[in-house]
Amino acid sequence: MRPARATTSEFNAQTTAILIGASVMLSLSMGMRQSFGLFLGPISRDLAITAADFTFAIAIQNIVWGVTQPFMGALADRYGCRPVALLGVVIYAAGLTLMWNAVGTLSLTLGAGVLVGLAMSCTASNMAMAASARAVSAGKRSLVLGIVSGAGSMGTFVAAPMAQTLIAGYGWGAAMIGFLGLAVLMAPMAYLAGGADKVGGGRAGADENSTFKGILTEAAHHGGYIIMASAFFVCGLQLVFLTTHLPTYLEICGLDPMLSAQALATVGAFNVLGSYLLGWLGGRYPKHLLLGGVYILRSLALAVFFIVPASPASTLLFSAVMGTLWLGVVPLINGLVAQIFGLRYMATLTGIAFFSHQVGSFLGAWGGGLLYDTLGNYDRAIQTGVAIGIIAGLAQMFMNDKPTPRMEAMRAAAAE
């Protein structure tokens, strides 16, 4: 196998279309999903349900996303990203429609929880990263994944203010119609991202000799992968807790409801910088050390924000810090999987790791709502999130990031 050359000439029209499609698909998918916290208050009041009922639906979404991600990844590895991504767009639109027409907890959970959760496994970070990784050479992979991940955050910058404006002016139903319009725009982007199916085989190279069973055995016996997947838990817990509960926390503090949308938009804007920066750093420094540092810095930022009295200035500063540390973990996680195991079953292995992330998301969304309903504040939830974040960050820093013997042999043969 000839080693891939990392030259700018590889960015032809086909590669550019793939990266644009993956970026916009990820942006719209994540942008809508990360703005669901804005609907907690109005939907809960309109449907006469509790905060825990709403956050349970979001928690189910995260569990469904996590449980189905390995299977959707396996389907994409076998049949291609395009059919899986397009199916995800249809399911996303169906979920938003059911959410819009919800009459109680059950229909809300089926729409926002089950259907949107399944759609996310087809259209969000894992699928976008798998397509992007196959479209470029190893030398540019970490940087490109950072760029795509950063561009993916722009959806929050658009979706959150749009939703809050429509909710304030016309009600949450109008905001849901706006989201349906964004879902329609995802379809052509999913088609473009699926162009990676035509170049994936060439990029995988000798990786094609690996088998599905063999790669799962490798992962199960690689201690570093197990630590990385386990530490990914804290990422989901912290981020989904914030996107779901920050609007309610700011409302408790007596701050303007629009500040919640501004905070989420700030997260999206600074995530562009953070994802690019971490993608760039991931191509130059050990990715596991960077990941551990992100988890620890997030935890410290959470602790400081909830200790200091909330204000518009402190909220936006906190959002900028968290945005810088937001989706930058995605290129690092995907880069580590490619480094350790190669590209052939990248979507499957990142999907398995993502399940751990979504267990954390489940607890961050529902557990946060349950603690709030029980205690009347978020103090215990914050303390727990900070503690496990620091523990996970330290564990991540000591993981084994060495490639498997199969990958080392393959790279040695390529260098001859």
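Residue numbers start at 1 and run along the sequence shown.
- The ring-ring contact (aromatic ring centres under 6.0 Å, His included) check on Y378 picks up F241, H245, Y372, with sequence neighbours excluded.
- Checking side-chain atoms of N12 against main-chain N and O of T15 turns up a donor-acceptor pair under 3.5 Å.
- Residues V84 and Y79 form no side-chain contact, since every pair of their non-hydrogen atoms from C-beta on lies 4.5 Å or further apart.
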Check against side chain to side chain contact (heavy atoms under 4.5 Å, CB included), T50 and D373: CA-CA 8 Å; T50 67; D373 284 343; 4.2 Å; yes
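- Residue pairs meeting the side chain to side chain donor-acceptor pair (under 3.5 Å) criterion with at least one member in residues 30-44, sequence neighbours excluded, are R33-Q61, R33-N62, Q34-T156.
- Annotation: side chain of Q383 is not in contact with side chain of F306 (no heavy-atom distance under 4.5 Å).
- Scored by the ring-ring contact (aromatic ring centres under 6.0 Å, His included) test, F318 finds F305 as partners (sequence neighbours excluded).
- The side-chain hydrogen bond (donor to acceptor under 3.5 Å, both in side chains) check on S107 picks up nothing, with sequence neighbours excluded.
- L316 places a side-chain heavy atom less than 4.5 Å from the side chain of L259.
- Residues meeting the side-chain hydrogen bond (donor to acceptor under 3.5 Å, both in side chains) test with T244, sequence neighbours left out: none.
- A392 pairs by the side chain to side chain contact (heavy atoms under 4.5 Å, CB included) definition with A231, V234, not counting sequence neighbours.
- Donor-acceptor pairing under 3.5 Å is recorded for the side chains of Q238 and S299.
- Looking at R141, its side chain never comes within 3.5 Å of a backbone N or O of G283 through a donor-acceptor pair.
- No more than 12 heavy-atom neighbours from other residues, nucleotides or ligands sit within 6.0 angstrom of OH on Y191.
- Counting heavy atoms from C-beta on, the side chains of L255 and P312 come closer than 4.5 Å.
- For the side chain to side chain donor-acceptor pair (under 3.5 Å) condition, no pair includes a residue of residues 82-97, sequence neighbours left out.
- Taking the side chain as every heavy atom from C-beta outward, M322 and L239 approach each other to under 4.5 Å.
- When the shell of 6.0 Å around OH of Y249 is examined, it contains more than 12 heavy atoms from other residues, nucleotides or ligands.
- Residues that satisfy the side-chain hydrogen bond (donor to acceptor under 3.5 Å, both in side chains) test with R78, not counting sequence neighbours, are absent from this structure.
- In terms of modelled atom types and a separation under 3.5 Å, the side chain of K287 and the main chain of G282 share a donor-acceptor contact.
- E251 CD: 12 or fewer foreign heavy atoms inside a 6.0 Å radius.
- Under the ring-ring contact (aromatic ring centres under 6.0 Å, His included) criterion, F354 pairs with W65, H357, sequence neighbours left out.
- When side chains are defined from C-beta on, M99 counts as touching I43, because their heavy atoms get closer than 4.5 Å.
- Contact annotation: the side chain of N400 approaches that of H222 to within less than 4.5 Å [non-hydrogen atoms, C-beta and beyond].
- Residue pairs meeting the salt bridge (Lys or Arg N to Asp or Glu O under 4.0 Å) criterion with at least one partner in residues 213-235, sequence neighbours excluded, are E218-R406.
- Contacts of T384 classified as side-chain hydrogen bond (donor to acceptor under 3.5 Å, both in side chains), with partners at least two apart in sequence or in another chain: none.
- If you check the side chains of T123 and S29, you find a donor sitting under 3.5 Å from an acceptor.
- Remark: F56 pairs with W366 by the ring-ring contact (aromatic ring centres under 6.0 Å, His included) rule, at least two apart or across chains.
- Contact of the L363 side chain with the F233 side chain is registered, since non-hydrogen atoms from C-beta on lie closer than 4.5 Å.
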